[in-house]
Amino acid sequence: MVLRPHHFSAVSKRIITPAFTRPLSTSPRFFKMADHKNENNKRSRGDEPHQYQASSRTDREEDQWKFRAPYKIHDNGENFDVKWKGKCHCGAVQYELSREKPLASKYCHCTTCQRMHGAPFQWAAIFHKEDINFTNGHHDLGWYDPTAKSTTHHLPCKVQCAYCRTPIMDEGRNMILLFPTLIEGINTKKGREAFAAQCHMFYPQRVVDIKDGLPKFSRLADESDLCDEETGEVMEGTNPKKDKEKEKKKE
């Protein structure tokens with residue numbers, strides 16, 4: 001909005017604040033009305049911050065996740081063999097990893113990962129929940145359940161820094177998927193080799209063709225048919241899981 005001469009009072013010469021930029025009222029009456037209007041909106045009331053941000057409370061039943069992996073603190077780092085360190089963009093959330101290499105590393109091309117990361121695909125490294133130790137920002141995490149499109153801590157879910165919104169990990173029921181680009185030293189030879197991807201998943205949903213010689217699965221890795229690298233077409237009858245089941249039956 002451009003200020004015009006009529007915005008200035010001839011008597012006091014003070015600027016009259018346009019209505020749409022005036023701060024909200026801080027009177028008790030205003031908050032009472034706001035609470036009544038948004039009685040089902042926990043975010044506006046702020047009485048359940050754990051649904052949208054971790055918060056520092058530990059006294060409620062719904063806060064018990066703070067004492068379980070992957071979020072529990074490993075005795076302030078004692079007896080935790082640190083191999084790698086990682087952090088979000090703003091540095092509020094920091095963690096350590098005790099495993100030299102992930103259990104597996106994959107590129108996921110599903111549309112959910114594309115949208116959630118704003119990128120052609122997601123690079124994810126799988127770890128046990130006990131492999132991570134949060135050293136900072138334990139209470140600065142937020143969640144998103146892409147299945148229910150809810151910000152509740154319901155597994156599986158996306159975990160991010162509640163301040164800068166950097167994706168921290170995907171938390172599953174048994175494992176966590178970390179994002180190697182948050183790891184310190186990932187751009188070194190050692191880092192690239194340790195977190196090198198072994199395959200592609202959901203390749204038919206890709207937005208870019210990648211000819212790197214790695215196996216390209218139509219859906220979940222090792223549980224679906226492979227895709228032809230040149231054409232991207234699904235090759236029926238190439239499901240490794242089904243092949244193993246057939247071999248077992250023969251035995």
Side-chain angles (χ1 to χ4, degrees), residues 68-74 77 80-138 141-146 155-161 164-203 205-208 210 212-224 226 240:
R68 296 191 295 266
Y71 303 103
K72 72 173 184 178
I73 302 298
H74 291 255
F80 191 83
D81 189 12
V82 180
K83 301 297 185 183
W84 299 96
K85 293 183 178 181
K87 62 181 179 180
C88 65
H89 185 267
C90 72
V93 177
Q94 299 180 27
Y95 60 82
E96 301 169 335
L97 296 173
S98 62
R99 185 177 291 274
E100 192 73 46
K101 292 184 177 181
L103 300 171
S105 186
K106 308 172 183 181
Y107 294 135
C108 181
H109 295 263
C110 76
T111 55
T112 296
C113 286
Q114 291 173 18
R115 293 191 179 105
M116 294 298 298
H117 288 261
F121 54 87
Q122 176 200 75
W123 181 13
I126 304 173
F127 285 85
H128 289 299
K129 292 188 177 184
E130 291 287 351
D131 292 335
I132 192 170
N133 178 42
F134 284 94
T135 58
N136 199 61
H138 179 247
L141 297 169
W143 301 281
Y144 178 68
D145 175 359
L155 303 182
C157 70
K158 304 281 185 178
V159 184
Q160 70 276 338
C161 170
C164 68
R165 308 300 178 182
T166 298
I168 302 297
M169 64 183 178
D170 286 1
E171 182 187 1
R173 293 178 178 84
N174 302 307
M175 303 287 183
I176 55 174
L177 278 68
L178 295 174
F179 310 123
T181 48
L182 275 65
I183 303 296
E184 295 178 6
I186 190 61
N187 59 341
T188 63
K189 184 175 184 292
K190 178 183 177 182
R192 290 192 295 270
E193 289 179 351
F195 290 85
Q198 290 90 41
C199 67
H200 296 259
M201 299 189 300
F202 294 93
Y203 197 67
Q205 299 180 33
R206 71 193 181 284
V207 293
V208 292
I210 301 178
D212 55 7
L214 295 176
K216 295 170 175 62
F217 292 94
S218 57
R219 296 186 64 79
L220 292 175
D222 301 316
E223 297 182 19
S224 60
L226 289 164

What's the spacing between [X] [atom1] and [Y] [atom2] if we round to 0.5 Å?
X	Y	atom1	atom2	value
F202	F121	CZ	CZ	15.5 Å
K216	H109	NZ	NE2	7.5 Å
I176	L97	CD1	CG	7.0 Å
F127	L178	CZ	CG	5.5 Å
Q94	I168	CD	CD1	10.0 Å
H200	C108	NE2	SG	11.0 Å

>> Can you confirm whether P70 sits close enough to M169 that some side-chain heavy atom of one is under 4.5 Å from a side-chain heavy atom of the other?
In response: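 The answer is yes; the side chains approach within 4.5 Å.
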>> Are the side chains of D131 and S98 in contact, using a 4.5 Å heavy-atom criterion?
In response: yes
For [X], check side chain to side chain contact (heavy atoms under 4.5 Å, CB included) against everything at least two apart and list the hits.
X	result
R192	K189
H89	C164, T166
E100	K83, W84, K190
A221	K106, C199, M201, F217

Donor-acceptor pair, side chain of [X] and main chain of [Y], under 3.5 angstrom:
X	Y	answer
Y203	P215	no
Q114	Q205	yes
N136	A92	yes

Heavy atoms only: give me the nearest [X]-[Y] pair and the separation to one decimal.
X	Y	value
S224	R219	OG-N, 2.9 Å
T112	P146	CG2-CB, 4.2 Å
G137	V93	O-CG2, 3.9 Å
S105	A196	CB-O, 3.4 Å
G172	P156	CA-CB, 4.2 Å

>> Tell me whether the count of non-hydrogen atoms from other residues, nucleotides or ligands lying under 6.0 Å of CZ in R99 goes above 12.
In response: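 More than 12 heavy atoms, drawn from other residues, nucleotides or ligands, come within 6.0 Å of this atom.
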> Residues two or more places apart in sequence or in another chain: which of them pass side chain to side chain donor-acceptor pair (under 3.5 Å) with K87?
Replying inline: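 Here no residue qualifies.
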>> Looking at E171 and K129, is any side-chain nitrogen of the basic one under 4.0 Å from a carboxylate oxygen of the acidic one?
In response: yes
>> Listing request: all side chain to side chain donor-acceptor pair (under 3.5 Å) pairs with a residue in residues 173-183, at least two apart in sequence or in separate chains.
In response: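 Every candidate side chain to side chain donor-acceptor pair (under 3.5 Å) pair involving residues 173-183 fails, so no pair, neighbours aside, qualifies.
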>> For a side chain to side chain contact (heavy atoms under 4.5 Å, CB included) check, start with the C-alpha distance between F179 and D170, then their side-chain angles and the critical distance, and finish with the verdict.
In response: CA-CA 9 Å; F179 310 123; D170 286 1; 3.5 Å; yes
> Is there a side chain to side chain contact (heavy atoms under 4.5 Å, CB included) between Y107 and I210 once you walk through the steps?
Replying inline: CA-CA 11 Å; Y107 294 135; I210 301 178; 5.6 Å; no
> Yes or no on side chain to side chain contact (heavy atoms under 4.5 Å, CB included) for F80 and T135, after CA distance, side-chain angles and deciding distance?
Replying inline: CA-CA 11 Å; F80 191 83; T135 58; over 6 Å; no
> What is the ring orientation for Y95 with F134, classed by angle as parallel under 30°, tilted 30 to 60°, or perpendicular over 60°?
Replying inline: perpendicular
